[in-house]
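Here is the structure we will look at, set down as structure tokens.
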Amino acid sequence: LRTIYIAGRPAWYDSAGQQVEPFVIGICGGSASGKTTVATKIIEFLNVPWVTLLSMDSFYKVLNEKQHHQAALNEYNFDHPEAFDFDLLKLTLQRLKEGRKVDVPIYNFVTHSRESRTKTMYGANVIIFEGILTFYNAEVLKMCDMKVFVDTDADVRLARRLHRDISQRGRDLEGVLKQYSAMVKPAYCYYIAPSMVHADIIVPRGGENEVAIKLIVQHVHTQLQLRGFKLREKLAHSYTGQPLP
Ligand code: C5P
């Protein structure tokens, strides 16, 4: 693999000058299941340059005034597929796969809105895409080379969510519980848990399960190497004039 930097961004090309796509890992799981922890541990153990982490949070739709009012009352459904801009998400993931630059929205959970600044991301060796509905859209699913489901007990997820939403997302106990029972839990049952069938690997307990995370990392290493070997094979064939298998 050759890395070429175009205007500061990396792109990978094989010997024939064809661009090589990054390896995409989709991580799905209920709210507060430990998806981000699993993703950051994968990045840490992978220890390869250029890994991009993309979160579904970036693709929450912009709310109108009425929806903002509902959100303030913990009555807007942020766990329904309708809450996400899947078109922008698909486009972003596709562009990253092609090694192109994207400007990704930064989401603010306190104001329920996108911040005015964006985050610039580039194509990478590995792209990790995490969120509650990463397995929901068939086209997005197809873009993932490896699908990981983080399966953490519901009581652990609720306890973590209470703690996080109150300490970091400007919520109160009553509001979190109201939203959880009316929307978060039903959405988990209707949309998230059934999507587990698409997973290649299910990680019980989330981020603390380092054995599972290391197995994932081993597979990614093998896949990256294999891509390199295939390219080297191609190169060898083109030198020897032997037909490609
Ligand atoms: O980080 P995590 O995967 O838990 O983020 C998804 C959760 O964030 C959803 O379950 C949704 O209820 C919640 N959310 C929220 N307020 C927003 C946007 C999302 O409570 N403005």
Side-chain angles (χ1 to χ4, degrees), residues 25-43 53-86 88-89 93 104-116 119 128-137 140 144 147-196 198-199 202-203 205-208:
I25 308 172
I27 302 183
C28 183
S31 172
S33 56
K35 301 181 289 293
T36 316
T37 312
V38 169
T40 49
K41 285 203 175 171
I42 290 175
I43 295 171
L53 177 56
L54 185 67
S55 172
M56 267 198 95
D57 307 340
S58 298
F59 304 97
Y60 269 116
K61 283 181 185 165
V62 175
L63 304 185
N64 61 31
E65 210 176 309
K66 186 179 165 217
Q67 291 166 328
H68 262 294
H69 183 66
Q70 288 177 321
L73 298 171
N74 302 96
E75 288 172 4
Y76 181 84
N77 196 343
F78 288 103
D79 294 74
H80 192 277
E82 264 302 305
F84 294 93
D85 184 345
F86 276 100
L88 181 63
L89 194 163
L93 206 51
V104 182
I106 298 174
Y107 192 70
N108 186 321
F109 284 93
V110 178
T111 59
H112 311 287
S113 58
R114 289 178 186 170
E115 292 190 354
S116 50
K119 189 177 175 196
I128 303 180
F129 170 56
E130 67 83 17
I132 54 172
L133 294 171
T134 43
F135 297 171
Y136 178 76
N137 182 287
V140 174
C144 297
K147 292 153 221 118
V148 176
F149 192 96
V150 181
D151 189 17
T152 304
D153 282 351
D155 49 1
V156 175
R157 286 190 284 105
L158 174 57
R160 278 196 200 144
R161 174 138 178 165
L162 275 167
H163 189 262
R164 183 193 65 189
D165 283 9
I166 294 168
S167 66
Q168 295 167 24
R169 296 187 177 176
R171 316 290 167 90
D172 59 24
L173 179 69
E174 299 257 303
V176 180
L177 291 177
K178 174 178 160 184
Q179 186 184 350
Y180 187 85
S181 56
M183 291 166 289
V184 181
K185 188 182 158 98
Y188 183 82
C189 298
Y190 287 126
Y191 301 109
I192 306 171
S195 77
M196 210 188 293
H198 300 294
I202 295 166
V203 178
R205 304 183 304 284
E208 69 182 61

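This chain uses plain numbering: 1 for the first residue, then up along the sequence. Start at 1 and go down the list; that is how both ligands and their atoms are numbered.
- Here the shortest heavy-atom pairing between Lys178 and Asn74 reads CE-O, 4.1 Å.
- Aromatic ring pairs are classed by plane angle as parallel below 30°, tilted from 30° to 60° and perpendicular above 60°; the pair Phe149 and Phe135 is tilted.
- Using a 3.5 Å distance cut-off with no hydrogens or angles, the side chains of Tyr191 and His80 do pair a donor with an acceptor.
- Arg114 places no side-chain N or O within donor-acceptor distance of the main-chain N or O of Val62, the cut-off being under 3.5 Å.
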Before giving the answer on ring pair (Phe, Tyr, Trp, His ring centres under 6.0 Å), spell out for His112 and Tyr60 the whole-Å C-alpha distance, their side-chain angles and the decisive distance to 0.1 Å. CA-CA 9 Å; His112 311 287; Tyr60 269 116; 9.5 Å; no
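- Protein neighbours of ligand 1 below 4.0 Å, counting non-hydrogen atoms: Ser31, Ala32, Lys35, Asp57, Tyr60, Phe78, Asp79, Tyr107, Phe109, His112, Ile132, Arg161, Arg164, Arg169, Arg171, Gln179, Val184.
- Shown here are the salt bridge (Lys or Arg N to Asp or Glu O under 4.0 Å) partners of Glu174, two or more places apart in sequence or in another chain: there are none.
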